[in-house]
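Structure, as structure tokens:
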Amino acid sequence: GQEVSALGFGIVRMRPGRYQVIVSRGPEYSLATIDDFEVVSSERRPLQATVVHEVDTTGYISADFHVHAQSSVDSGLNVSTRARSAAAEGLDFFTASDHDTVTSYTPQINEQGMEGVLTFQTGTEVSPLEYGHFQAFPLKYDDRQKTVHNPPPWVGRTLQQVFAGMRERADGPADAFIIQSNHARDGFLGTFAQIGMKAYDLERKTPGMEACSAVLEEMPCDFNTSEV
């Protein structure tokens, strides 16, 4: 079993028996291992462990800019658990990037007392069928716009129009707004694969399935970053 704790403590219900317990807080910290921890029926057993911060990250933050939760079609993890797992893995900051949904983690972070531990920015992974997936952040969040909170639309739009919709929803100045090509070589989900671009020489030949698609004849490259 696994327990995800936001602040380093919690209660775990387990069957009676002997267990190996491993405590972690992400790659910056050591592991703590208890090899023979006994759980007795109807008893509460305290367990304390210490992990050591082994990687000097002075001047840096630990961040993840591509995070999904239950609002995405490819994730069943609820947002409260996602927020706790981010803190438990030692993240300082993350981008909420659900598919075609703008998600706020403010209630979950506040309810679990993580205000001084974890922060986030709102974004989304725009997921059209023909262009590959693009991420935009930070985005404006309006809780009145149920239930997906006004993500950039893509149906029936060219990629330039999709990019324009992203920029219209930017939450901040233009020089602080990012459009990112996600998993660009990932088959039908990646931009480079969709347009037939060869990563080693940047030459392109449109794949057969897309050869007659007028919207792929010219592909804008005015995004800021590409996910590796």
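Below, each value reflects all heavy atoms present in this structure, side chains not excepted, and no hydrogens, waters or symmetry copies.
Distance alone, capped at 3.5 Å, places no donor-acceptor pair between the Thr33 side chain and the Ile22 backbone. Thr57 contributes no side-chain N or O that, together with a main-chain N or O of Tyr60, makes up a donor-acceptor pair within less than 3.5 Å. Looking at Arg45, its side chain never comes within 3.5 Å of a backbone N or O of Val40 through a donor-acceptor pair. The main-chain N or O of Val4 is found under 3.5 Å from a side-chain atom of Arg84 such that the two form a donor-acceptor pair.
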What side-chain donor-acceptor pairs closer than 3.5 Å can you find for residues 88-95, not counting sequence neighbours?
unit_1	atom_1	unit_2	atom_2	d
Asp92	OD2	Ser62	N	2.8
Thr95	OG1	Gln121	NE2	2.8

Going by atom type alone, with no hydrogens or angles, which donor-acceptor pairs under 3.5 Å involve a side-chain atom of residues 65-73 and a protein atom two or more places apart or on another chain?
unit_1	atom_1	unit_2	atom_2	d
His66	ND1	Glu227	OE1	3.4
His66	ND1	Glu227	OE2	2.6
His66	NE2	His68	NE2	3.2
His66	NE2	Glu125	OE1	3.1
His68	ND1	Ser72	OG	3.4
His68	ND1	Ser97	O	2.9
His68	NE2	His99	NE2	3.4
His68	NE2	Glu125	OE1	3.0
Ser72	OG	Asp98	OD1	2.9
Ser72	OG	His99	N	2.8

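Hydrophobic cluster membership for Leu189: none, as no Ile, Leu, Val, Met, Phe, Trp or Tyr side chain comes under 4.5 Å of it. When hydrophobic side chains of Ile, Leu, Val, Met, Phe, Trp and Tyr are connected at separations under 4.5 Å, Phe37 ends up clustered with Val12, Met14, Tyr19, Val21, Val23, Tyr29, Ile34, Val39, Leu47, Val51.
Thr124 places a side-chain heavy atom less than 4.5 Å from the side chain of Pro152. In this structure the side chain of Pro151 never reaches within 4.5 angstrom of the side chain of Thr101, judged on heavy atoms. Counting heavy atoms from C-beta outward, Phe177 and Asn224 have side chains that stay 4.5 Å or more apart.
A pairwise comparison of heavy atoms in Ala176 and Pro138 identifies O-CD, 3.4 Å as the closest pair. Nearest heavy atoms, Ala6 versus Met114: CB-SD, 3.1 Å. Considering all non-hydrogen atoms of both residues, Gln161 and Gly156 come closest at OE1-O, 4.3 Å. Residues Phe134 and Met166 come closest through the heavy atom pair CB-CE, 3.6 Å. What you find for Glu54 and Ser30 is that their closest heavy atoms are OE2-CB, 3.3 Å. Here the shortest heavy-atom pairing between Ala32 and Ala49 reads CB-CB, 3.9 Å.
Rounding to the nearest 0.5 Å places CZ of Phe223 at 13.0 Å from CD of Gln135. Note that CZ of Arg157 and OH of Tyr131 are 10.5 Å apart. Values are rounded to the nearest 0.5 Å. Considering CG of Leu7 and CZ of Phe9, their distance stands at 5.0 Å, rounded to 0.5 Å. Distance check: Asp171 CG to Asp142 CG gives 11.0 Å after rounding to the nearest 0.5 Å. Atom OG of Ser85 and atom CG of Asp64 lie 9.5 Å apart (nearest 0.5 Å).
Taking hydrophobic clusters as Ile, Leu, Val, Met, Phe, Trp and Tyr residues chained together by side-chain heavy-atom distances below 4.5 Å, Leu139 does not share a cluster with Val148. Hydrophobic clustering, with ILVMFWY side chains joined whenever heavy atoms are under 4.5 angstrom apart, keeps Phe120 apart from Ile178. In terms of hydrophobic clustering, with Ile, Leu, Val, Met, Phe, Trp and Tyr side chains grouped at heavy-atom distances under 4.5 Å, Leu129 and Leu159 are assigned to a common cluster. Hydrophobic clustering, with ILVMFWY side chains joined whenever heavy atoms are under 4.5 angstrom apart, groups Val102 together with Val126. Linking Ile, Leu, Val, Met, Phe, Trp and Tyr residues whenever their side-chain heavy atoms come within less than 4.5 Å leaves Phe137 and Val162 in two separate clusters.
The number of heavy atoms from other shown groups lying within 6.0 Å of CD1 (Ile61) is above 12. Atom CD of Gln48 is surrounded by 12 or fewer heavy atoms from other residues, nucleotides or ligands within 6.0 Å.
Here Asp143 pairs with Lys146 under the salt bridge (charged side-chain N to carboxylate O under 4.0 Å, His left out) rule; sequence neighbours left out. In this structure, Asp74 has no salt bridge (charged side-chain N to carboxylate O under 4.0 Å, His left out) partners at least two apart in sequence or on a different chain. For Val155, there are no side-chain contact (heavy atoms from CB on, under 4.5 Å) partners at least two apart in sequence or on another chain. For Ala184, the side-chain contact (heavy atoms from CB on, under 4.5 Å) partners two or more places apart in sequence, or in a different chain, are Ser181, Phe192, Ser226.
Using the six-membered ring where Trp is involved, His149 and Tyr141 have ring planes that are tilted, between 30° and 60° apart.
Listed by first then second residue, pairs satisfying salt bridge (charged side-chain N to carboxylate O under 4.0 Å, His left out) with a partner in residues 100-117 number zero, not counting sequence neighbours. Judged as a salt bridge (charged side-chain N to carboxylate O under 4.0 Å, His left out), the pairs with a partner in residues 16-35 (not counting sequence neighbours) are, in order, Arg18-Asp36, Arg18-Glu38. The list of salt bridge (charged side-chain N to carboxylate O under 4.0 Å, His left out) pairs with a residue in residues 174-194, not counting sequence neighbours, is empty. Counting only residues at least two apart or on different chains, the salt bridge (charged side-chain N to carboxylate O under 4.0 Å, His left out) pairs with a member in residues 159-168 are Arg167-Asp222.
In this structure, a donor-acceptor pair under 3.5 Å is present between the side chains of Thr225 and Gln180.
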